[in-house]
Amino acid sequence: MSARSSAAIVTAATVTGSGLNFAATALWTRLLDPGAFGRYALVSAGAVLLNATLFEWLRLVSARTLYDPAQPSAVNPARANALIALYAAVALLFVAAVALISGLGVGVAGVTVRWWPVMAAFTLTEMALAFLQTVYRLRQRAWPYFWNATARSAAALLLGFVLVRFMGLGALGTLLGIVVAQGAVALTSVVLDPLWRAARPWRASRAQLAAAVQLGYPLIASCALTYAASFADRFLIGATLGAHAVGLYAAPVDLLQKTLVFMMMTVNLTGYPALVRAYEDRGPVAACATLETNLQLQLGLGLPAVVGLMVLAPGIVQLLLGPAFRAEGARLLPLVGTAALLRCLVTFHLMMAFQVTRRMGWMVVPPLTALVTAIPAGLIGIRLAGLPGMALAALIAQLICYTISANLAKRVLPLRLITPEITRIAAAALGMGLVLSPFSGVTDLLATAALILVGSTVYGALLLALGVPAATRLAAGVTRWVRRRPA
């Protein structure tokens, strides 16, 4: 399969999976009250944070080191054995720690001790699925990746709906649906793939284990800090205002996670293997060209989405969130949307420069800066203005993080962050926003849907009028396809 075909299938999988997850958020805000949704948001955030702290560094090392073109599977078996052994060792230590914490009755930031077993199961199944999907992408096995990603999202939505709607399990039902879906899909993927059946982690060599740890240990702090900075707002709100407030805050944030963040992550997922190969095969200049192309795609998708969210926030929350979440969601969406865009640009663009050049230690600095800023600013913001104060603090923290990350990234690669193409994309997004601004107070569902369509059309037309290369190439390709069709 060609790299382009593989990228297209991975993109389709990510879009489908994020669409199902997006539907889940819209559904849960209608079936759960803000308190239950807040507990779901805190437990899932805790699981993702634990996964980032304990296992994400191993996934990143896998992405960077497992590829071996000399092997029929495109995966180096000795390195795979070492990484699987490390995964198993960390998982066993994690289970032991959870058992100890549960026995001591320790809770944190609104997550009581009764949720620890669910959070642990969520963490372990999330880790397994993320590792499998990373290896699928490296091997360019796009269709297994597609099945893996979409089956997880569809099964989690269906199981969660049954457990919440018909069994009355509330937040627990949503979480159990995710855990069971992730575990079943991961287990099926391992059983069906000959690569994993041939793995022998107990034969991992000491040299390979040491090499993986040496490359990965600087990532532990950076991964933990990156996700801690992403979820600090939820835990601060949970510790100060309670689960009900977390639910009101998390609903618009989750919408962004399933739309804006997933769109930009898709570009990174499809572009990262090409970035690694460009750097290894042709050097820093080729890597910069790949990163620049990725940035244009990320901003081309992300910037108009954020502008649209800022202008049409009242109508969008009316369309997508349950009644109890709409008033606060309309106030928060512009702030949390802008903060999410900046966070994505740091994570999916600037920090790739550190990763591809193996400056792993530098990856600690941006999230540490965001976290150090967000905690005191968030506490002050909550005290002065409640949830909007927290959202503003998160935006300030991400702006500072982006500034520092950009300066550091330019030290390792000669990146261009402002180009003529990016300027044109920004102008097109701004033009779209100006066209939509007279309708910022619209809340009617059909009118909002029509305005989203109008905004997308205006944005596309402006991209073509300004001569943005990606838009003109796409338009030319569509024109050729139409002309080739039989009359």
Side-chain angles (χ1 to χ4, degrees), residues 41-42 45-46 48-50 52-53 56-57 108-110 218-241 245-246 248-250 252-254 256-257 260-261 264-265 298 302-303 306 309-310 328 331-355 359-412 415 417:
L42 284 170
V48 173
L49 180 57
L50 286 169
T53 304
E56 182 71 4
W57 67 278
V108 60
L219 291 170
I220 297 174
S222 68
C223 293
L225 288 169
T226 297
Y227 282 85
S230 300
F231 293 119
D233 46 6
R234 299 190 190 197
F235 292 114
L236 286 174
I237 295 168
T240 56
L241 301 179
V246 174
L248 294 175
Y249 185 90
V253 172
D254 278 2
L256 291 165
Q257 185 71 25
L260 173 68
V261 176
M264 298 182 72
M265 185 180 70
Q298 287 169 353
L303 196 55
V306 170
L309 290 171
M310 293 176 70
E328 200 65 48
R331 292 204 299 164
L332 296 175
L333 203 53
L335 291 172
V336 297
T338 306
L341 176 63
L342 290 170
R343 186 175 75 246
C344 287
L345 291 175
V346 171
T347 304
F348 301 138
H349 179 64
L350 296 176
M351 292 183 74
M352 293 300 101
F354 307 144
Q355 196 173 138
R359 302 290 183 94
M360 303 304 190
W362 289 34
M363 295 178 70
V364 175
V365 179
L368 179 60
T369 303
L371 193 61
V372 168
T373 306
I375 291 176
L379 291 172
I380 295 171
I382 290 171
R383 183 181 182 88
L384 295 178
L387 296 182
M390 181 68 253
L392 180 59
L395 173 56
I396 293 170
Q398 291 302 327
L399 182 60
I400 294 172
C401 179
Y402 179 85
T403 302
I404 291 176
S405 300
N407 284 305
L408 290 177
K410 287 183 177 180
R411 294 187 181 185
V412 298
L415 296 176
L417 300 179

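Everything numeric here is computed off the predicted structure, so don't read it as measured data.
- The two residues S405 and P366 make their nearest non-hydrogen contact at OG-CB, 2.9 Å.
- Taking CD1 of I404 as the reference point, atom CG of L350 lies at 12.0 Å (rounded to 0.5 Å).
- Each of V48, L236, V253 was evaluated against F231; a single residue qualifies, V48, per the side-chain contact (heavy atoms from CB on, under 4.5 Å) test.
- P252 and L333 get closest at one heavy-atom pair: CB-CD1, 3.8 Å.
- For the pair T240 and R383, the minimum side-chain heavy-atom distance is 4.5 Å or more.
- Once rounded to the nearest 0.5 Å, the distance linking CG of L384 with CG of L379 reads 11.0 Å.
- To the nearest 0.5 Å, the span separating CE on M390 from CG on L332 amounts to 11.0 Å.
- For the pair T347/M264, no side-chain contact is recorded, criterion being any heavy-atom separation below 4.5 Å from C-beta on.
- Looking at heavy atoms from C-beta onward, L241 lies in side-chain contact with L387 at the 4.5 angstrom threshold.
- Looking only at side-chain heavy atoms (C-beta outward), L408 and V412 stay at 4.5 Å or farther from each other.
- The line from CD of E56 to CG of L49 is 11.5 Å long, rounded to the nearest 0.5 Å.
- Nearest heavy atom pair, residue L415 against residue A409, reads CD1-CB, 3.7 Å.
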CA sep, side-chain torsions, deciding dist, call: L417, Y402, side chain to side chain contact (heavy atoms under 4.5 Å, CB included): CA-CA 11 Å; L417 300 179; Y402 179 85; 4.1 Å; yes
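- Side-chain contact check for M310 versus V306: some heavy-atom pair is nearer than 4.5 Å.
- Rounded to the nearest 0.5 angstrom, T369 OG1 and L225 CG are separated by 9.5 Å.
- Side-chain contact between L309 and L256 is present, with heavy atoms from C-beta onward closer than 4.5 Å.
- Exactly one of L303, V346, L395 qualifies for a side-chain contact (heavy atoms from CB on, under 4.5 Å) with L341. That residue is L303.
- Nearest heavy atom pair, residue L371 against residue A232, reads CD1-CB, 3.8 Å.
- Using a 4.5 Å heavy-atom cutoff, the side chains of Q298 and C344 are not in contact.
- Here the closest non-hydrogen pair linking R234 and A45 is CD-CB, 4.2 Å.
- When all heavy atoms are compared, the tightest approach of P367 to C401 is N-SG, 4.3 Å.
- With rounding to the nearest 0.5 Å, the separation of OH in Y249 from CD1 in I382 is 8.5 Å.
- Side-chain contact between T53 and Y227 is absent, with no heavy atoms from C-beta onward closer than 4.5 Å.
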